[in-house]
Enquirer: 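The structure is given below, and queries will be raised subsequently.
All ligand and atom numbering here is 1-based and tracks the order in the structure.
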Amino acid sequence: MQHDDLLFNLISQERDRQRRGIELIASENFVSEDVMSAMGSVLTNKYAEGYPGKRYYGGCEVVDKVEELARQRLKQLYGAEYVNVQPHSGAQANMAVFMACLKAGDKFLGLNLSHGGHLSHGSPVNFSGIMFHALEYNVREEDGRVDYEQLQERALAERPKIIIAGASAYSREWDYARIRRVADEIGAIFMVDMAHPAGLIAAGLLDNPLKYAHIVTSTTHKTLRGPRGGVILMGKDFPNPWGKTTPKGEIKMMSSLLDSAVFPGTQGGPLEHVIAAKAVAFGEALQPQFKLYQEQVKKNAATMAQAFIDKGYKIISGGTDNHCMLLDLRTKLPELTGKEAEKALVAADITTNKNMVPFDSRSPFQTSGLRFGTPAITTRGLTENDMTLIVELIDRVLLSHNSDAVIAQVKAEVNRMMQDRPLFAW
Ligand code: DSN
């Protein structure tokens with residue numbers, strides 16, 4: 001077989017792009033060589049529909065052990081009683097929860113996408129908003145924090161079957177206990193999608209939602225620093241409150257509904273090579289060094305947010321408790337859109353994404369905001385002093401976003417700063 005030079009040349013170009021730039025996309029990270037090796041292993045050759053010990057294919061003795069190892073490590077990491085490591089992504093994990101808990105058209109309540117929520121928490125263009133009746137709560141305009149009173153009012157008025165906490169662009173800790181009280185008042189399931197802060201939670205630096213939520217979902221590739229994928233967890237199994245029964249008339253436990261909702265409900269064969277890589281990442285997250293890494297992620301984010309504020313930018317909610325922040329360009333640069341800002345920064349090898357800010361006056365294609373996160377640059381070994389410098393560089397680009405000369409100068413500085421930094425330094 002001829003070597004695929006064309007394709008491998010593209011991979012090499014992408015490796016070079018990742019190495020020379022400053023990666024500030026809040027949901028991205030760089031994995032270890034071991035995670036990468038597990039993902040690129042012979043396990044990709046194996047079909048294993050079903051679960052360990054109950055497969056529809058022969059030859060699953062080894063992958064059973066791999067999947068069991070991933071399950072045990074994940075349980076240990078978060079203190080979970082139940083886990084499912086097969087979801088191919090966070091959206092797939094969420095879909096499985098909906099499938100297990102709702103019927104088409106049922107109501108659920110999640111954070112508004114344009115206030116930091118996630119596509120799969122009820123956007124009208126996503127399965128969650130198309131197949132189910134999505135209701136939303138917002139953040140407060142005055143302080144950018146979740147409007148728990150509005151959440152409660154909507155929950156009591158509409159009686160959704162699920163209330164979801166969790167976000168894609170929210171920099172503050174959640175009051176999970178308060179949402180659980182609301183869920184209990186109306187008999188709803190409380191689900192937390194912890195995809196963004198999962199690594200900080202694993203390290204004990206943010207509250208563990210498994211203590212409060214009935215069901216928790218996550219991705220494994222953001223702060224958790226594993227392969228691209230999803231998981232579902234429960235602190236404690238419980239009977240399905242909406243009364244789905246077995247053929248014998250017994251009420252099904254949620255663990256059994258969730259397992260069936262992942263396979264065969266919404267997925268076929270599990271990606272055992274990715275599950276192996278998840279096992280490696282969970283093993284890494286159980287090591288003491290992971291906590292040091294997460295502490296640095298948090299310190300870097302706090303330093304970066306303050307540096308932006310010192311330069312006259314508005315950070316939504318005035319700071320961050322986690323790894324990310326949302327910058328509202330309108331205070332300092334009212335004419336500049338998120339789209340133009342992202343383009344200029346990418347040209348300087350600083351990668352970020354445009355983002356709606358709460359109560360945005362622009363469309364999702366333009367936006368007035370930028371989202372920044374520190375997990376990836378922290379994995380490359382950058383610390384607080386580097387954050388101040390990065391904000392200087394970003395400010396220079398934004399102030400002169402039409403100047404090719406300024407962008408070229410900043411790009412040269414970025415490339416010099418990153419040239420000797422391995423992708424994975426911890
Ligand atoms: N798209 C991811 C993010 O960037 O937050 C969420 O799925």
Enquirer: May I ask you to decide if Ser168's main-chain N or O and Arg371's side chain share a donor-acceptor pair within less than 3.5 Å?
Expert: yes
Enquirer: Counting each atom of ligand 1 from 1 as listed, which ones have a heavy atom of His196 under 4.0 Å away?
Expert: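 Listed by number with element, the hits are 3 (C), 5 (O).
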Enquirer: Might you check, step by step, whether the distance between atom 1 (N) of ligand 1 and some protein heavy atom is under 4.0 Å?
Expert: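 Flag for atom 1 (N) of ligand 1 set to false, no protein heavy atom closer than 4.0 Å.
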Enquirer: Restricting to non-hydrogen atoms, name the atom on Pro358 and the atom on Arg330 that form the minimum distance, rounded to 0.1 Å.
Expert: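 Taking Pro358 first and Arg330 second, the nearest heavy atoms are O-NH2, 4.0 Å.
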Enquirer: Can you label the angle between the Tyr148 ring and the Trp174 ring as parallel, tilted or perpendicular, going by 30° and 60°?
Expert: perpendicular
Enquirer: Using a 4.5 Å cut-off on heavy atoms from C-beta on, say whether the side chain of Cys101 contacts that of Met254.
Expert: yes
Enquirer: Angle between ring planes, Tyr176 versus Phe190, binned at 30° and 60°: parallel, tilted or perpendicular?
Expert: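 Correct class here is tilted.
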Enquirer: Could you identify the single nearest non-hydrogen protein atom to atom 3 (C) of ligand 1 and state the distance to 0.1 Å?
Expert: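 Heavy-atom neighbour on the protein nearest atom 3 (C) of ligand 1: Ser27 OG, 3.3 Å.
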Enquirer: I need the contact type for Glu28 against ligand 1. Using non-hydrogen atoms and a strict under-4.0 Å cut-off, is it side chain, backbone, both or neither?
Expert: neither
Enquirer: Where is the nearest protein heavy atom to atom 7 (O) of ligand 1: which residue, which atom, and how far?
Expert: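 So the nearest neighbour among protein heavy atoms is His118 NE2, 2.7 Å.
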